[in-house]
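One structure is given below, encoded as structure tokens.
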Amino acid sequence: MAPETRSFLMRNSVFAWIAFATGAVLLVPLIWMQVSASVDWDARDFLVMGVLLFGTGSTFVLVARKVPRKYRAAVAATCAVALLYVWAELAVGVFTDLGS
């Protein structure tokens with residue numbers, strides 16, 4: 001009997017990995033705040049960035065499960081562009097005044 005081979009994206013444990021990666025990425029500004037005064041985040045900044053990172057990763061997984069494998073790179077690129085756009089808007093307001 002061959003073991004069931006399921007794609008990593010099809011396992012529900014992928015969301016735990018996304019949460020772990022989100023926490024690891026958020027450690028960077030947390031540690032940098034201890035070293036330098038140039039980073040000044042409060043709890044709301046960490047919450048918004050955590051939701052943004054976890055939401056983007058989860059969105060990628062949920063959409064990638066529905067589309068054929070050959071389109072996953074396009075889905076990943078679209079999610080990455082959306083993440084960078086929202087991050088830039090919240091940080092400095094490139095096209096709108098969301099960050100101000």
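It should be emphasised that the depicted structure is a prediction, and the values quoted were computed from it without experimental measurement. Below, all heavy atoms of this structure are taken into account, side chains as well, without hydrogens, waters or symmetry copies.
By the neighbour-count criterion of 12 heavy atoms within 6.0 Å, atom CG of Asp42 is densely surrounded, having more than that number from other residues, nucleotides or ligands. Counted within 6.0 Å of CH2 on Trp87, heavy atoms from surrounding residues, nucleotides or ligands total 12 or fewer; the atom is thus considered open. Heavy-atom contacts from other residues, nucleotides or ligands closer than 6.0 Å to OH of Tyr71 number 12 or fewer.
The cluster map of Ile, Leu, Val, Met, Phe, Trp and Tyr, joined by side-chain heavy atoms under 4.5 Å apart, puts Phe20 and Val61 in the same cluster. Criterion: ILVMFWY side-chain heavy atoms under 4.5 Å apart, direct or through other members. Under it, Val28 and Leu52 are not part of a common hydrophobic cluster. One hydrophobic cluster, built from ILVMFWY side chains closer than 4.5 Å, holds both Met49 and Leu27. Leu30 and Leu47 are assigned to two separate hydrophobic clusters, defined by single-linkage of ILVMFWY side chains at heavy-atom distances under 4.5 Å.
Distance CG/Leu83 to CG/Leu53: 6.0 Å, rounded to 0.5 Å. Rounded to the nearest 0.5 Å, atoms CZ (Arg65) and CZ (Arg72) are 9.5 Å apart. How far CG of Leu90 is from OH of Tyr85: 10.0 Å, rounded to the nearest 0.5 Å. To the nearest 0.5 angstrom, Ile18 atom CD1 is 10.0 Å from Ser13 atom OG. Atom CG of Leu62 sits about 4.5 Å away from atom CZ of Phe15, to the nearest 0.5 Å. Of the inter-residue distances, the one linking Met33 atom CE with Phe46 atom CZ reads 5.0 Å to the nearest 0.5 angstrom.
Side-chain contact between Arg69 and Ser7: present, with at least one pair of heavy atoms (C-beta onward) separated by less than 4.5 Å.
Looking at every heavy atom in both residues, Pro29 comes nearest to Leu26 through CD-O, 3.3 Å.
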